[in-house]
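Structure record follows, encoded as structure tokens.
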Amino acid sequence: MRQIEISANDSGQRLDKFLTKKFRNMPQSLMYKYIRTKYIKLNGKKCDISSRLQTGDILTLYIKDEFFEEEYDSYDFLKAPVKLDIIYEDENIMLLNKKPGLLVHPDETYHFDSLIARIQHYLYDKGEYDPKNENSFAPALVNRIDRNTGGIVIAAKNAETLRIMNQKLKDREIEKLYLCIAVGIFKKKEALLTDYLEKNEKQNRVYISKKPNENTKTIKTKYKVLAEKDGLSLVEAALLTGRTHQIRAHLAYIGHPLLGDGKYGKNEINRKYGFKYQALYSYKLTFRFTTDSGILEYLNGKSFTAPEIWFTEMFR
């Protein structure tokens, strides 16, 4: 028999969600059986898979020792370098300036280095995160940016911050502005584009059209030309919808692909300028909360800007 006390980072979760994170090698069918047969109890009583956990609750578990993972002194995230460009940090949140070329999460080719691994390594060294002290939570990213795109990424240091920020992102209470270099001179220097996007998973690309069909989703992209030089335009863009590759594909659809974009752009122009990555950067973030923001209310109305955007020197 073992007991687990529910911490603030575990609070608010359904019991089955918590157990799935805590015991990753336990079959789901066996987990349900343990709950049904009272081998797992909540505060000494029979519980249900949908029971909501609260801070201070006690889980009593009469389960096999093999499901309790051994504690390690070394973790995969410690293999990632502690190399971060921190724009802002407090006890709840971090804003990072992710550079092009860095993955936000590890994949099969770069298992040990990613933005989230660097963040966890950094917080571990600071004494703010230790997997031994957590049942189900690890510092996590709120938003993602493509590997070859740079910009501001939000990281949550605790579960309450992650829940609030995920909801704010979903409710579009976090405003993100992008800078990019588009090929060509725009006839309209400012506009709101509304079209339809269809995603092709196999090709890992999207297609834009004027008319909707059963596979399309509406996209809205607002842009403003800030400067022009040598047949190129420095553009500020805002996403009113957040779809895969939206800015890249939408501007390419109207005849202005991004410089350096190998998927939607023009390779002969990309080669001319020698751009390794697409000239796209999520450069400004503003918190515009219109609903309750709990412990993060102090962030409401604040704006943050990336200090360096690698391609803007072309227009100075």
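Note that this is a predicted model, so its numbers are computed, not measured.
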If you measure only the distance, is there a donor-acceptor pair under 3.5 Å linking the side chains of [X] and [Y]?
X    : Y    : value
Q246 : T221 : yes
Q278 : T149 : yes
S51  : D48  : no
D230 : Y273 : no

ask   = Quick one: does NZ or CZ of K168 land under 6.0 Å from the six-membered ring centre of F289, within 45 degrees of the ring axis?
value =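 Positive - K168 is close enough to the ring of F289 and near enough to its axis.
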
message = Would R118 pass as a cation-pi partner of Y122, given that its NZ or CZ must be under 6.0 Å from the six-membered ring centre and within 45 degrees of the axis?
response =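 Ring-cation test returns no.
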
Quick check on the 6.0 Å ring-centre criterion: do [X] and [Y] meet it?
X    : Y    : answer
Y223 : F186 : yes
Y34  : F23  : no
Y283 : Y281 : no

inquiry  = Pair Y264, Y253 - check side chain to side chain contact (heavy atoms under 4.5 Å, CB included), show working.
reply    = CA-CA 9 Å; Y264 302 101; Y253 178 70; over 6 Å; no

From [X] [atom1] over to [Y] [atom2], what is the distance, rounded to the nearest 0.5 angstrom?
X    : Y    : atom1 : atom2 : value
I119 : L141 : CD1   : CG    : 5.0 Å
L42  : L53  : CG    : CG    : 6.0 Å
I181 : D261 : CD1   : CG    : 12.5 Å
I152 : I154 : CD1   : CD1   : 8.5 Å

query = For the side chain to side chain contact (heavy atoms under 4.5 Å, CB included) test, which of I35, D57, I49 pairs with L15?
reply =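 By the side chain to side chain contact (heavy atoms under 4.5 Å, CB included) criterion, L15 pairs with just one of I35, D57, I49: I35.
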
task = Apply side-chain hydrogen bond (donor to acceptor under 3.5 Å, both in side chains) to N9 and list each qualifying residue two or more places apart in sequence or on a separate chain.
result =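 Residues passing side-chain hydrogen bond (donor to acceptor under 3.5 Å, both in side chains) with N9: E134.
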
task = Would you please test I58 and E5 for side chain to side chain contact (heavy atoms under 4.5 Å, CB included) and show each step?
result = CA-CA 5 Å; I58 301 295; E5 181 174 353; 3.8 Å; yes

request  = List the steps, then state whether side chain to side chain contact (heavy atoms under 4.5 Å, CB included) holds for K98 with L96.
outcome  = CA-CA 6 Å; K98 187 196 87 71; L96 295 310; 5.7 Å; no

message = Determine whether D146 and R248 satisfy the following criterion, salt bridge (charged side-chain N to carboxylate O under 4.0 Å, His left out), listing intermediate values before the conclusion.
response = CA-CA 11 Å; D146 290 343; R248 296 164 61 191; 3.7 Å; yes

